[in-house]
Protein chains: 2
Amino acid sequence: MRPFKHPKIEDVALEHVLHALSDPLRMEIVRQLADEGEASCTALDRGRPKSSMSHHFRVLRDAGLVSTRNDGTVHMNSLRRDDLDKRFPGLLTAVLSNAGK
Amino acid sequence: MRPFKHPKIEDVALEHVLHALSDPLRMEIVRQLADEGEASCTALDRGRPKSSMSHHFRVLRDAGLVSTRNDGTVHMNSLRRDDLDKRFPGLLTAVLSNAGK
DNA sequence: TCTATAGTTCGATAAATTTCGAACAATAGC
DNA sequence: GCTATTGTTCGAAATTTATCGAACTATAGA
C-alpha cells in the first residue's frame with residue numbers, strides 16, 4: 001500500500017474542515033486523536049464496519065485534519081495540529097474545547 | 001407572518017453549527033452579519049432566487065446562528081453572537097478570524 | 001508459502017442537501 | 001380594496017453523503 005496523499009496545509013479550505021467536523025463520528029475521532037495522539041483505524045471504530053471507517057478517515061485526510069502513516073499492516077492516524085494551528089489560528093482549540101456539545 | 005422559532009441556545013449543537021458554516025454562501029452571510037449587523041434577506045443574496053436564500057436562512061436559524069425578526073414586510077437577520085459566545089466560547093471568533101480561507 | 005490482520009476500493013442503496021420556479025402569505029402605502 | 005414588496009412554502013430534480021457487504025491489497029509472522 002502506497003502512502004496516502006495529504007493536501008498541503010495552505011490548500012486546505014476552512015469550509016472543508018468545518019464540513020468534516022460536522023459529523024459526530026468524525027468529531028469523536030478528532031477528539032480522541034487530540035487526546036491520545038496516534039491511533040489506528042480499528043482502535044476508533046465503534047463497532048462500525050471497516051469500510052465505513054475508511055470512508056470517514058478519508059474525509060478527514062482530504063479535509064487536511066488527519067495525517068495517516070503506514071506502519072506494517074496498521075495505519076496510524078494523527079491530528080495535523082501544528083499545520084492546522086498555523087493555517088487557522090485558534091480554530092482547533094475553540095472547536096475541541098467545545099466538542100461534545 | 002408569525003415570528004420565527006429560534007432554538008434555545010442551550011439546545012444548539014456544535015455539530016449543527018459547523019454544518020451550517022460549512023457552506024460557502026452561508027459562511028459569507030454570517031461574515032457579513034458579523035461585520036455589518038442586521039441585514040434583510042435580499043440584501044445578502046448574490047443574484048440567487050428568494051427561495052434559495054430562504055432555505056439558507058432557515059438552516060442558519062435552525063442551527064442557532066442567526067436570529068430573524070419581523071419588521072413590516074422585511075425580515076431582519078442578525079448573528080446571535082452573545083448567545084453563541086456563551087454556549088461555545090471562542091468558537092465564533094476563531095471561525096470569523098479565519099473565514100474566507 | 002500459507003495464514004491472519006488491517007484497511008482500501010468497489011458497487012449499490014438510502015438519506016440528506018442544494019437549487020429553483022411557482023404559488024402563497026403578510027405588510028405597507030395609496 | 002388594490003398593488004407592490006418581501007419572504008415563505010411547496011414540489012421536483014440534481015447532487016452529495018452515509019452506510020455497509022464483498023472483493024481485493026499489503027504486510028507480518030510462523
Side-chain angles (χ1 to χ4, degrees), chain A residues 1-7 13-30 32-33 36-78, chain B residues 1-7 13-30 32-33 36-78:
Chain A
M1 186 136 302
R2 272 177 237 80
F4 292 101
K5 280 208 311 192
H6 297 92
L14 179 59
E15 169 190 345
H16 295 152
V17 171
L18 297 181
H19 171 254
L21 291 172
S22 72
D23 178 274
L25 176 54
R26 288 194 294 259
M27 175 65 91
E28 202 32 48
I29 290 173
V30 166
Q32 274 195 242
L33 291 179
E36 305 166 14
E38 279 191 328
S40 69
C41 298
T42 42
L44 299 179
D45 66 6
R46 295 271 199 281
R48 283 174 193 74
K50 307 182 289 181
S51 53
S52 295
M53 295 308 289
S54 195
H55 161 71
H56 287 298
F57 275 106
R58 190 150 103 82
V59 172
L60 288 168
R61 265 195 309 272
D62 291 350
L65 276 161
V66 162
S67 158
T68 307
R69 78 180 167 82
N70 269 325
D71 180 19
T73 66
V74 175
H75 293 188
M76 289 306 270
N77 302 284
S78 55
Chain B
M1 185 136 303
R2 273 177 238 79
F4 293 100
K5 280 209 312 191
H6 297 91
L14 179 59
E15 169 190 344
H16 295 150
V17 171
L18 297 182
H19 170 254
L21 290 172
S22 73
D23 177 275
L25 176 54
R26 288 193 295 259
M27 175 66 90
E28 200 36 46
I29 289 172
V30 166
Q32 275 195 244
L33 290 179
E36 306 167 13
E38 280 191 328
S40 70
C41 297
T42 43
L44 299 179
D45 65 8
R46 294 267 200 285
R48 283 174 194 75
K50 307 181 290 179
S51 53
S52 296
M53 295 308 289
S54 194
H55 161 72
H56 286 298
F57 275 106
R58 189 149 104 82
V59 172
L60 288 169
R61 264 195 309 272
D62 290 350
L65 276 161
V66 162
S67 157
T68 307
R69 77 180 166 84
N70 270 323
D71 180 18
T73 66
V74 176
H75 293 187
M76 289 306 270
N77 302 284
S78 55

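Small disclaimer: the values here were computed from a predicted structure and weren't measured. Throughout, protein chains are lettered first and strands after them, A, B, ... in sequence-line order, and every chain is numbered starting at 1.
- Among the atoms of the strands shown, none is found under 4.0 Å from any heavy atom of B:R69.
- Relative to the side chain of A:V74, the nucleotides C:dT19, D:dT8, C:dA6 differ in distance, and C:dA6 lies closest.
- Distance A:M53 CE to C:dT5 C1': 17 Å, rounded to the nearest Å.
- Contact annotation: B:H75 reaches the phosphate of D:dT8 (side-chain N/O to OP1 or OP2, under 4.0 Å).
- The local environment of CZ in B:R69 is crowded, with over 12 non-hydrogen atoms from other residues, nucleotides or ligands closer than 6.0 Å.
- Considering every non-hydrogen atom in both B:L33 and B:E38, the closest pair reads CD2-C, 4.3 Å.
- The salt bridge (charged side-chain N to carboxylate O under 4.0 Å, His left out) pairs that include a residue from residues 46-56 of chain A are A:E28-A:R46, where partners are two or more places apart or lie in different chains.
- Using a 4.0 Å cut-off, no side-chain N or O of A:R58 falls inside it from OP1 or OP2 of C:dG7.
- Atom CD1 of B:I29 is separated from atom C1' of D:dG7 by 14 Å (rounded to the nearest Å).
- Following rounding to the nearest Å, B:M27 (CE) and C:dT18 (P) show an atom-to-atom distance of 14 Å.
- Ring centroids of A:F57 and A:H75 are separated by 6.0 Å or more, keeping the two rings apart.
- For D:dT5, neither phosphate oxygen OP1 nor OP2 lies less than 4.0 angstrom from any side-chain nitrogen or oxygen of B:T73.
- Note: CG (A:N77) to C1' (C:dG7) measures 10 Å, nearest angstrom.
- With rounding to whole Å, B:M76 atom CE is found 21 Å from C:dA26 atom P.
- In this structure, B:H19 does not reach the C:dA16 phosphate: none of its side-chain N or O atoms is under 4.0 Å from OP1 or OP2.
- We find the CG-CE distance between A:D71 and A:M76 to be 7.0 Å, quoted to the nearest 0.5 Å.
- Counting only heavy atoms from C-beta outward, the side chains of B:V66 and B:T68 approach each other to under 4.5 Å.
- Residues from residues 42-52 of chain B with heavy atoms under 4.0 angstrom of DNA chain D, sorted by number: B:T42, B:K50, B:S51.
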Side chain to side chain contact (heavy atoms under 4.5 Å, CB included) between A:M53 and A:I29, worked out: CA-CA 10 Å; A:M53 295 308 289; A:I29 290 173; 4.0 Å; yes
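- Residue B:H16 contributes atom NE2, which lies 12 Å from atom C1' of C:dA16 at whole-angstrom precision.
- With D:dT9, C:dT8, D:dT19 as the choices, the nucleotide that has an atom nearest any side-chain atom of B:S54 turns out to be D:dT9.
- One atom, CG of A:N70, and another, C1' of D:dT27, lie 9 Å apart when rounded to the nearest Å.
- Both A:G72 and A:D23 sit near DNA chain D, but only A:D23 has its closest nucleotide nearer the 5' end.
- Atoms NE2 (B:H55) and P (D:dT9) sit 13 Å apart, rounded to a whole Å.
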